[in-house]
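All values below were derived from every heavy atom in this structure, side-chain atoms included, with hydrogens, water molecules and symmetry-related copies excluded. Fair warning: this is a prediction, and the values are worked out from it, not measured in the lab. For this chain, numbers begin at 1 and follow the sequence in order.
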Amino acid sequence: MSMINSLRAAVRTNRRRGSAGAYDAVPEGSGSAVVDCAVYQHGRRNGETCSPREAARRVKAAHQLPDSNGSFSWIGLHEPTEAEFEGIAQRFGLHPLAVEDAVHAHQRPKVERYDDVLFAVFKTIRYVEHDQLTPTSEVVETGELMVFAGRDFVITVRHGGHGSLQELRHRLEADADEAGLLAKGPAAVLHAIADHVVDNYLLVAERLQNDVDEIEYGVFSAKGARSADVGRVYQLKREVLEFKRAVAPLLRPMQQLSEPLQRLVDPDMQKYFRDVADHLARVTEQVHGFDELLNSLLQANLAQVSVAQNEDMRKITAWAAIFAVPTMITGVYGMNFDYMPELHHAYGYPTVLGAITLICIGMYRGFRRNGWL
């Protein structure tokens with residue numbers, strides 16, 4: 001809480017000083033969490049990797065020039081501690097509540113506005129390769145990606161072992177010209193990150209489709225419920241639910257970024273966010289479809305188990321009825337009475353055995369004809 005209190009004080013101070021005060025000297029921490037930090041001018045990277053303090057100084061200097069549009073810094077962090085992030089948060093005037101969410105992670109996907117800064121939280125998803133789906137298989141692995149997008153800066157905070165933005169940054173830098181996305185400023189970087197995350201959702205959804213198809217084939221195969229493992233179905237449903245929690249809450253914020261009333265996003269960029277929202281809507285529909293299908297497969301599997309148990313009980317009952325005939329007859333003739341039918345007849349024994357056999361054969365055929373055996 002000490003970091004949050006100091007950030008609140010720093011934010012109030014920066015607001016009193018004005019926009020230029022955001023670049024005054026403040027403690028920056030060790031900076032070991034910084035993965036990459038650079039300044040971009042007119043869509044091109046200006047110089048090599050630098051510290052956040054140097055990046056802020058360069059952007060401030062660029063603002064003194066007549067043509068300062070398009071100058072911004074992009075700072076990438078990986079799992080920063082409070083001490084590592086405190087100086088950066090104070091330097092750029094980030095809201096303490098957003099900073100707390102970024103440091104501690106485990107947040108719900110969202111897009112929030114704090115004054116002139118957009119704070120976005122994305123869940124990154126990685127498909128975990130597996131040879132065979134088991135009741136304990138991990139199918140998807142989640143991480144978190146937070147983005148602060150101001151008028152002249154972008155700060156990304158990544159949690160988890162996957163979801164690196166290095167490849168995305170290099171791809172944007174390779175397309176660095178006046179018409180490239182980087183020339184459109186921080187909102188364009190936010191779009192590129194959102195598009196990158198959602199495209200990865202599409203890839204994971206395609207891989208999940210194979211697992212769902214495998215489960216469906218197992219449930220409705222010739223062996224039916226005897227070959228299907230309800231634990232596999234339930235485990236895949238849990239993994240799909242984790243995917244659903246990452247995708248579903250993000251749809252409405254992406255749609256809001258494409259609306260004309262969103263003044264922090266350039267109108268030229270809103271159509272790009274609309275495209276991301278369309279892709280995200282498609283993934284959301286797929287994930288909802290997976291969830292509903294797995295619910296149906298669980299119910300179908302339980303119904304098949306019930307039917308299989310009923311069939312087993314009918315078979316057991318039929319065989320018990322067949323064996324009851326010789327048990328009853330031999331029990332009657334084992335009561336040791338002197339006056340019993342056929343007791344002293346020369347052919348009494350084979351006659352009783354023949355009668356037992358004929359009755360059992362008749363009952364067996366009757367049960368087979370009625371589908372009990």
Side-chain angles (χ1 to χ4, degrees), residues 40 42-43 69-76 92 94-95 98 101-102 107-125 143-158 163-165 167-205 243-288:
Y40 298 88
H42 305 293
N69 292 332
S71 299
F72 69 94
S73 58
W74 181 357
I75 304 170
F92 292 95
L94 304 181
H95 197 279
D101 289 347
Q107 303 300 316
R108 187 173 185 267
K110 59 185 177 180
V111 176
E112 295 178 337
R113 173 185 168 187
Y114 293 96
D115 296 327
D116 291 336
V117 178
L118 285 175
F119 175 62
V121 178
F122 301 98
K123 289 283 188 180
T124 57
I125 301 291
E144 291 188 46
L145 180 62
M146 290 80 165
V147 183
F148 296 87
R151 295 191 179 278
D152 54 9
F153 66 87
V154 176
I155 300 174
T156 56
V157 181
R158 181 169 60 89
S164 173
L165 297 176
E167 183 179 349
L168 174 64
R169 187 192 286 253
H170 294 160
R171 187 168 66 248
L172 292 175
E173 292 174 353
D175 189 33
D177 54 42
E178 296 292 339
L181 278 178
L182 287 177
K184 300 182 183 298
V189 177
L190 177 60
H191 158 264
I193 294 172
D195 187 56
H196 173 73
V197 171
V198 173
D199 284 346
N200 193 55
Y201 289 166
L202 290 169
L203 296 176
V204 174
F243 193 11
K244 184 178 179 180
R245 288 172 179 167
V247 174
L250 197 59
L251 180 57
R252 182 55 187 155
M254 285 295 104
Q255 293 172 341
Q256 289 176 337
L257 289 177
S258 65
E259 294 174 354
L261 297 178
Q262 180 56 258
R263 68 180 184 86
L264 293 182
V265 178
D266 189 276
D268 293 336
M269 290 302 305
Q270 288 175 351
K271 57 179 176 291
Y272 290 95
F273 282 105
R274 190 180 306 117
D275 180 67
V276 174
D278 289 342
H279 291 174
L280 188 60
R282 192 175 111 195
V283 178
T284 303
E285 291 173 358
Q286 281 184 286
V287 175
H288 280 296

TODO: Determine, stepwise, if the pair His191 / Lys184 fulfils side-chain contact (heavy atoms from CB on, under 4.5 Å).
DONE: CA-CA 10 Å; His191 158 264; Lys184 300 182 183 298; over 6 Å; no
Is there side-chain contact between [X] and [Y], with at least one heavy-atom pair below 4.5 Å?
X	Y	answer
Val111	Phe273	no
Asp101	Lys110	yes
Thr124	Asn200	no
Leu202	Gln286	yes
Phe148	Ile75	no
Thr284	Tyr201	no
Thr156	Trp74	yes
Val276	Leu257	no

Considering non-hydrogen atoms only, spot the tightest contact between [X] and [Y] and give its length.
X	Y	value
Gln107	Val121	CB-CG1, 4.0 Å
Ala277	Leu251	O-CD1, 3.7 Å
Pro109	Pro249	O-CB, 3.7 Å
Met254	Ala194	SD-CB, 4.0 Å
Arg113	Asp115	NE-O, 3.0 Å
Leu145	Ile193	CD2-CG2, 3.5 Å

Open item on the list: Measuring from atom NE2 of His196 to atom OG of Ser164, what distance do you get when rounded to the nearest 0.5 angstrom?
Closed with: 7.5 Å
Task: CD1-CG distance between Ile155 and Leu94, expressed to the nearest 0.5 angstrom - done: 4.5 Å
Open item on the list: More than 12 heavy atoms of other residues, nucleotides or ligands under 6.0 Å from CZ of Arg252: yes or no?
Closed with: yes
Open item on the list: Whether Lys123 and Glu144 form a salt bridge (side-chain N of Lys/Arg under 4.0 Å from carboxylate O of Asp/Glu) is what I want to check.
Closed with: yes
Open item on the list: Using 30° and 60° as the class boundaries, would you call the ring planes of Tyr40 and Phe72 parallel, tilted or perpendicular?
Closed with: parallel
